[in-house]
K.L.:
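Take this structure first; my questions come after.
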Amino acid sequence: MIAFRVKLTALVLTLLPILLMLGFWQLSRYEQKLSLEQAYEARHALEPLTLRQLQHQEDPLYMPLTVSGRFDPERYFLLDNQIFRGEAGYELFMPFVTDEGQWLLINRGWIPAGQRQQLPEITTDSTHLVLTGFAYKPLGEPFMLAEDTWLEDWPKRIQAYNQEKVSAALGEPMLNFYLVLGADQAQAEQVRPVVVNLKPGKHMGYAVQWFAMALVMMLLYGFHMIRSGRNNNNKYEV
């Protein structure tokens, strides 16, 4: 019995920090997602900034932006495995050179994939344009099962957005964010709403679950230790 109690105690001491760590991690994710949602709602209400104004912002995420210049219609990226309303497709990213000579990637929206053997044809206005949308950049590195190898030819079908690889492929220094084109813009495809992939409330729910598991484990452990202690006392009394 003593050996079992020692093993049980060791198991509890091992699992308890893990459960608490997962609970606090979900709480931190809750705070992060809540902050992102609040920033998204607040910044969308602002008037669009120029590129020069935006570059003076500490964090450009979700900031409305207006740029003027021209697309590079011959070179673009098709972000693979993007699902919209149950249909597989691509997110269309196209380089745009501004009137000031800066290179910015434009997310023109979602397009259906069609047949995998043939990439979709893209129609692009190569004249001078004024575009409005909002600034965005991915939060963290995507999970990849294998290395995302980009071929030399254009367009490039890619598995993940990578700022450094985009700059290397284009041979141009790119800004460290891209512009998500507004749905009302003439060059926009099907613009999917940008949402936080998991609502803050979900993270709070997960945190409660981890803490509840830790509490239940401690209650069961305490109950077992008290019960086994009483059994040992009764044994000695006999």
K.L.:
Any donor and acceptor pair, going by atom type alone, linking the side chain of R75 with main-chain N or O of L170 inside 3.5 Å?
P.N.:
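Yes, because the side chain of R75 sits within donor-acceptor range (under 3.5 Å) of the backbone of L170.
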K.L.:
To the nearest 0.5 angstrom, please state how far the CG atom of D80 sits from the CD atom of Q159.
P.N.:
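Taking CG in D80 and CD in Q159, the distance rounds to 4.5 Å.
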K.L.:
Just so I know, are the side chains of M218 and M213 near enough to count as touching, which here means a heavy-atom distance under 4.5 Å?
P.N.:
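No, their side chains stay 4.5 Å or more apart.
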K.L.:
For residues 9-20, dump all side-chain donor-acceptor pairs below 3.5 Å to protein atoms at least two apart in sequence or in another chain.
P.N.:
{"from": "T9", "atom 1": "OG1", "to": "R5", "atom 2": "O", "distance (Å)": "2.8"}
{"from": "T9", "atom 1": "OG1", "to": "Y221", "atom 2": "OH", "distance (Å)": "2.7"}
{"from": "T14", "atom 1": "OG1", "to": "A10", "atom 2": "O", "distance (Å)": "2.8"}

K.L.:
Looking at H56, I'd like to know if its NE2 atom is crowded, meaning that more than 12 non-hydrogen atoms belonging to other residues, nucleotides or ligands lie closer than 6.0 Å.
P.N.:
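Result for NE2/H56: open.
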K.L.:
Looking at D125, is its backbone amide N or carbonyl O close enough to the side chain of Q187 to form a donor-acceptor pair, meaning the two atoms are under 3.5 Å apart?
P.N.:
yes
K.L.:
What heavy-atom pair brings A135 and F177 nearest, and what distance separates the two atoms?
P.N.:
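Smallest interatomic distance, heavy atoms only, reads CB-CD1, 3.8 Å.
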K.L.:
Mind running side chain to side chain donor-acceptor pair (under 3.5 Å) on Y76 and R108 for me, showing each step along the way?
P.N.:
CA-CA 11 Å; Y76 54 90; R108 291 179 57 186; over 6 Å; no
K.L.:
Rounded to the nearest 0.5 Å, what's the gap from CZ on F77 to CD1 on I158? Could you check?
P.N.:
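So the gap between those two atoms works out to 6.5 Å.
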K.L.:
Does the side chain of L92 come within less than 4.5 Å of L78's, by heavy atoms?
P.N.:
yes
K.L.:
To the closest 0.5 Å, what do you measure between CD1 (I106) and OG1 (T124)?
P.N.:
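If we round to the nearest 0.5 Å, I106:CD1 and T124:OG1 are 11.5 Å apart.
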K.L.:
Supply the atom-to-atom distance T50 OG1 to Q55 CD, rounded to the nearest 0.5 angstrom.
P.N.:
8.5 Å
K.L.:
Checking V216 against L220 for the side chain to side chain contact (heavy atoms under 4.5 Å, CB included) test, could you report, in this order, the C-alpha distance in whole Å, the side-chain angles of both residues, the deciding distance, and whether it holds?
P.N.:
CA-CA 6 Å; V216 169; L220 291 175; 3.9 Å; yes
K.L.:
Could you check whether any side-chain heavy atom of T132 comes within less than 4.5 Å of a side-chain heavy atom of L65, counting everything from C-beta outward?
P.N.:
no
K.L.:
Within this structure, what is the CD-CH2 distance for the pair Q26 and W210, rounded to the nearest 0.5 Å?
P.N.:
8.0 Å
K.L.:
If I compare all heavy atoms of T66 with all of P48, which pair ends up nearest, and what's the gap?
P.N.:
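That would be OG1-CB, 3.3 Å.
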K.L.:
For residues F211 and F24, establish whether the separation of their ring centroids is below 6.0 Å.
P.N.:
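F211 vs F24: aromatic centres under 6.0 Å.
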K.L.:
Test your reading of the model: is there a side-chain donor-acceptor pair from E87 to the backbone of R85, 3.5 Å cut-off?
P.N.:
no
K.L.:
Decide yes or no on side chain to side chain contact (heavy atoms under 4.5 Å, CB included) for L105 and Y161, but give the supporting numbers first.
P.N.:
CA-CA 11 Å; L105 208 60; Y161 171 82; 3.5 Å; yes
K.L.:
Partners of R70 by salt bridge (Lys or Arg N to Asp or Glu O under 4.0 Å), sequence neighbours excluded?
P.N.:
none
K.L.:
Quick one: does I111's side chain get under 4.5 Å of P120's, heavy atoms only?
P.N.:
yes
K.L.:
Do L131 and F96 come close enough that some side-chain heavy atom pair is under 4.5 Å?
P.N.:
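Contact flag for L131/F96 side chains = yes.
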K.L.:
Tell me, with the steps shown, if Y136 and L179 meet side chain to side chain contact (heavy atoms under 4.5 Å, CB included).
P.N.:
CA-CA 6 Å; Y136 186 78; L179 174 71; over 6 Å; no
K.L.:
Under the side chain to side chain contact (heavy atoms under 4.5 Å, CB included) rule, what do R157 and L79 come out as? Steps first, then yes or no, please.
P.N.:
CA-CA 6 Å; R157 179 158 49 192; L79 181 60; over 6 Å; no
K.L.:
Just so I know, are the side chains of I122 and M94 near enough to count as touching, which here means a heavy-atom distance under 4.5 Å?
P.N.:
yes
K.L.:
Are side-chain heavy atoms of V97 and F71 found at a separation under 4.5 Å?
P.N.:
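No; the side chains remain at least 4.5 Å from each other.
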K.L.:
Output yes when a side-chain donor or acceptor of Q163 lies under 3.5 Å from a complementary backbone atom of M174, and no otherwise.
P.N.:
yes
K.L.:
Not counting sequence neighbours, list each pair that qualifies as a side chain to side chain donor-acceptor pair (under 3.5 Å) and has a residue in residues 167-186.
P.N.:
W103-E172
K.L.:
Would you call L119 and P155 a side-chain contact if the rule is heavy atoms closer than 4.5 Å?
P.N.:
yes
K.L.:
What is the ring orientation for F134 with Y62, classed by angle as parallel under 30°, tilted 30 to 60°, or perpendicular over 60°?
P.N.:
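Plane angle between 30° and 60°, so tilted.
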K.L.:
Show the nearest heavy-atom pair for residues K156 and E152, with the distance to one decimal.
P.N.:
NZ-O, 3.1 Å
K.L.:
Please report the interatomic distance CD1(I83) to CH2(W110), rounded to the nearest 0.5 Å.
P.N.:
8.0 Å
